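Keep in mind the model is a prediction, meaning the values are calculated, not measured. Hydrogens, waters and symmetry mates are skipped; everything else that's a heavy atom, side chains included, is used.
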Amino acid sequence: MVKLILSDLDGTLLRDDKTISKASEEAFSQARKNGVLVGFCTSRARLNVKEYLKQVQTDFLISNGGACVFVGDSIIYNNSFTVEESRKMFSAIYDICGKNIEMTADMPDALYWNRTKEEQQYVYSRDSIYDDFSDFKMPVMKICVHTWDQDIAERIAQILGDDAVDVSKFSDIPWYKFSKKNATKERAVQELSSYLDVSLSDMAAFGDDFNDIGMLKMCGCGIAMQNAIDEVKLCADEITLSNEEDGVAHWIYKNVLHYNSLRQ
């Protein structure tokens with residue numbers, strides 16, 4: 001029996017225009033009315049999901065790729081780089097990539113970017129705060145660097161020493177993500193499971209990209225979107241319809257609410 005539903009956002013619950021459909025909103029609402037806990041598990045900072053949290057009432061949020069777990073407004077798990085580690089990362093990234101490299105840094109409720117909103121090559125949030133990271137004095141949950149180059153990403157990952165940094169790439173945009181070791185979606189799910197006293201076997205998780213793989217393998221039912229990359233589909237228990245076809249809602253209606261088809 002599914003007691004908790006986790007859904008990635010981009011490429012999963014969100015349609016290509018970055019909206020949540022009314023059908024998906026209703027599926028989550030009906031699941032909650034049936035006693036199922038629901039929430040998002042995303043690489044975005046909480047700042048960048050506020051519009052979706054207003055639209056869909058959730059019980060929890062895993063943000064920053066697993067570095068932070070919110071239950072309500074309380075943070076139950078936070079795995080960040082220290083101030084010293086953050087500064088060392090920023091300095092080395094500039095040394096490795098050059099002063100023109102574009103990068104971002106996530107906090108629990110803020111996103112910092114070394115480009116102004118007009119200069120950003122990939123618009124992720126219009127609420128970002130400009131900072132050149134030359135004198136940054138806050139712990140950071142996640143750093144993203146604009147590059148396709150795997151060799152560069154691996155060099156950056158070694159900045160703090162072996163096995164200190166988790167690195168992953170995005171399949172659809174030319175960026176790599178760097179976070180503290182074990183600041184992953186699967187670790188966050190484990191922390192959530194312990195806090196809420198819900199077994200991993202009673203969880204259903206939806207995803208489409210590389211950093212969803214561990215989460216899908218861990219939960220009792222891991223569901224890949226039809227538009228997911230092949231690596232995600234290969235590890236999933238099931239494949240649902242695409243994000244454009246409200247695949248998450250379809251699965252919830254069929255397997256949790258036990259309707260024969262999506263309610264329109």
Side-chain angles (χ1 to χ4, degrees), residues 8-12 14 16-18 41-49 63-68 79-83 85-161 164-181 183-185 207-213 227-229 231-232 243:
D8 175 50
L9 287 176
D10 295 278
T12 301
L14 301 187
D16 291 345
D17 63 1
K18 303 303 180 184
C41 187
T42 177
S43 288
R44 295 183 180 221
R46 187 165 74 158
L47 172 73
N48 295 326
V49 300
S63 68
N64 306 87
C68 194
N79 191 353
S80 301
F81 295 115
T82 65
V83 173
E85 288 172 334
S86 301
R87 291 167 64 90
K88 188 174 182 179
M89 288 281 288
F90 293 134
S91 177
I93 289 168
Y94 278 130
D95 289 343
I96 293 170
C97 303
K99 296 300 182 181
N100 291 324
I101 191 65
E102 187 172 2
M103 60 178 160
T104 66
D106 282 21
M107 314 291 286
D109 281 301
L111 173 67
Y112 291 84
W113 207 312
N114 66 344
R115 294 288 189 276
T116 65
K117 295 177 177 65
E118 293 72 27
E119 296 171 333
Q120 293 167 9
Q121 297 184 42
Y122 172 70
V123 179
Y124 193 65
S125 171
R126 286 301 182 187
D127 294 320
S128 60
I129 302 167
Y130 173 79
D131 198 291
D132 66 5
F133 302 123
S134 62
D135 191 31
F136 206 74
K137 296 178 179 178
M138 292 179 284
V140 171
M141 289 186 167
K142 181 184 73 179
I143 297 171
C144 291
V145 177
H146 186 191
T147 181
W148 278 121
D149 194 318
Q150 183 176 350
D151 290 337
I152 285 178
E154 290 175 353
R155 288 174 63 192
I156 293 172
Q158 293 299 312
I159 290 169
L160 300 181
V165 178
D166 272 314
V167 57
S168 62
K169 63 180 179 179
F170 297 97
S171 64
D172 56 342
I173 55 174
W175 290 73
Y176 270 85
K177 175 179 74 73
F178 304 88
S179 55
K180 190 80 170 180
K181 193 67 177 179
T184 61
K185 288 187 176 183
D208 73 301
D209 211 340
F210 289 108
N211 69 345
D212 298 316
I213 291 175
N227 55 286
I229 59 174
E231 290 87 342
V232 174
N243 64 317

How many angstroms lie between atom [atom1] of [X] and atom [atom2] of [Y], to the nearest 0.5 angstrom?
X: Ser86; Y: Met107; atom1: OG; atom2: CE; answer: 7.5 Å
X: Arg155; Y: Asp95; atom1: CZ; atom2: CG; answer: 9.5 Å
X: Asp106; Y: Asn48; atom1: CG; atom2: CG; answer: 7.0 Å
X: Arg87; Y: Met138; atom1: CZ; atom2: CE; answer: 11.0 Å
X: Lys142; Y: Ser63; atom1: NZ; atom2: OG; answer: 8.5 Å
X: Arg115; Y: Ser128; atom1: CZ; atom2: OG; answer: 12.0 Å

(Q) Treating Asn79 as the side-chain partner and Lys181 as the backbone partner, does any N or O pair qualify as donor plus acceptor under 3.5 Å? (A)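 Confirmed, Asn79 side chain pairs with Lys181 backbone.
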
Q. Just by modelled atom types, is the Gly11 backbone N or O under 3.5 Å from a matching donor or acceptor in the Asn227 side chain?
A.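 Such a contact is found between Asn227 side chain and Gly11 backbone.
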
Q | Met89/Ser91 under side-chain contact (heavy atoms from CB on, under 4.5 Å): CA gap, chis, key distance, verdict | A | CA-CA 6 Å; Met89 288 281 288; Ser91 177; over 6 Å; no

For [X] versus [Y], what's the shortest heavy-atom pair and its separation?
X: Ala183; Y: Ser179; answer: O-OG, 3.5 Å
X: Ala110; Y: Ile129; answer: CB-CD1, 4.2 Å
X: Asp212; Y: Asp208; answer: OD2-N, 2.9 Å
X: Lys88; Y: Leu160; answer: CD-CD2, 3.8 Å
X: Met141; Y: Pro108; answer: CE-CG, 3.4 Å
X: Val232; Y: Gly207; answer: CG1-O, 3.9 Å

Q: Decide side chain to side chain donor-acceptor pair (under 3.5 Å) for Asn243 and Thr12; before the verdict, give the C-alpha distance in whole Å, the side-chain angles of both, and the deciding distance to 0.1 Å.
A: CA-CA 5 Å; Asn243 64 317; Thr12 301; over 6 Å; no

Q: Using the test salt bridge (charged side-chain N to carboxylate O under 4.0 Å, His left out), find all partners of Asp109 that sit at least two apart in sequence or belong to another chain.
A: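 Per chain and number, Asp109 pairs via salt bridge (charged side-chain N to carboxylate O under 4.0 Å, His left out) with Arg46.
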
**Q.** Contacts of type salt bridge (charged side-chain N to carboxylate O under 4.0 Å, His left out), residue Asp151, not counting sequence neighbours
**A.**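 Here no residue qualifies.
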
**Q.** side-chain hydrogen bond (donor to acceptor under 3.5 Å, both in side chains) partner of Lys185, the single match among Asn64, Asp8, Thr42
**A.**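 It is Asp8; the other options fail the test.
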
**Q.** Whether Phe90 and Phe133 hold their rings parallel, tilted or perpendicular, with breakpoints at 30° and 60°
**A.**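 It falls in the parallel class, under 30°.
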
Q: Describe, in one word, how the ring planes of His146 and Trp175 are oriented to each other, choosing from parallel (under 30°), tilted (30 to 60°) and perpendicular (over 60°).
A: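 It falls in the parallel class, under 30°.
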
Q | Chi angles and distances behind the ring pair (Phe, Tyr, Trp, His ring centres under 6.0 Å) call for Phe170, Phe210 | A | CA-CA 7 Å; Phe170 297 97; Phe210 289 108; 9.6 Å; no

Report yes if some heavy atom in the side chain of [X] is under 4.5 Å from a heavy atom in the side chain of [Y]; otherwise report no.
X: Ile159; Y: Ile156; result: yes
X: Phe136; Y: Tyr112; result: yes
X: Met103; Y: Trp113; result: no

(Q) Under the rule for side chain to side chain donor-acceptor pair (under 3.5 Å), what residues qualify as partners of Asp132, not counting sequence neighbours? (A)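 Residues passing side chain to side chain donor-acceptor pair (under 3.5 Å) with Asp132: Ser134.
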
Would [X] and [Y] count as having a side-chain donor-acceptor pair, cut-off 3.5 Å?
X: Asn114; Y: Asp131; answer: no
X: Asn211; Y: Ser43; answer: yes
X: Glu154; Y: Gln150; answer: yes

(Q) Please determine whether a side-chain nitrogen of the Lys or Arg among Asp135 and Lys137 lies less than 4.0 Å from a carboxylate oxygen of the Asp or Glu. (A)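 Salt bridge flag = yes for Lys137 with Asp135.
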
Q) Would the Phe81 and Phe178 ring centres measure less than 6.0 Å apart? A)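 Centroid distance Phe81-Phe178: not below 6.0 Å, so no.
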
Q: For side-chain contact (heavy atoms from CB on, under 4.5 Å), just list the numbers for Leu111 and Leu47, CA-CA rounded to whole Å, side-chain angles, deciding distance to a tenth of an Å, and then say yes or no.
A: CA-CA 7 Å; Leu111 173 67; Leu47 172 73; 4.2 Å; yes

Q: Please test Ile152 against Cys97 for side-chain contact (heavy atoms from CB on, under 4.5 Å), starting from the C-alpha separation and ending with a verdict.
A: CA-CA 8 Å; Ile152 285 178; Cys97 303; 3.6 Å; yes

Q: Could you go through the side-chain contact (heavy atoms from CB on, under 4.5 Å) check for Lys180 and Asp166 one step at a time?
A: CA-CA 6 Å; Lys180 190 80 170 180; Asp166 272 314; over 6 Å; no

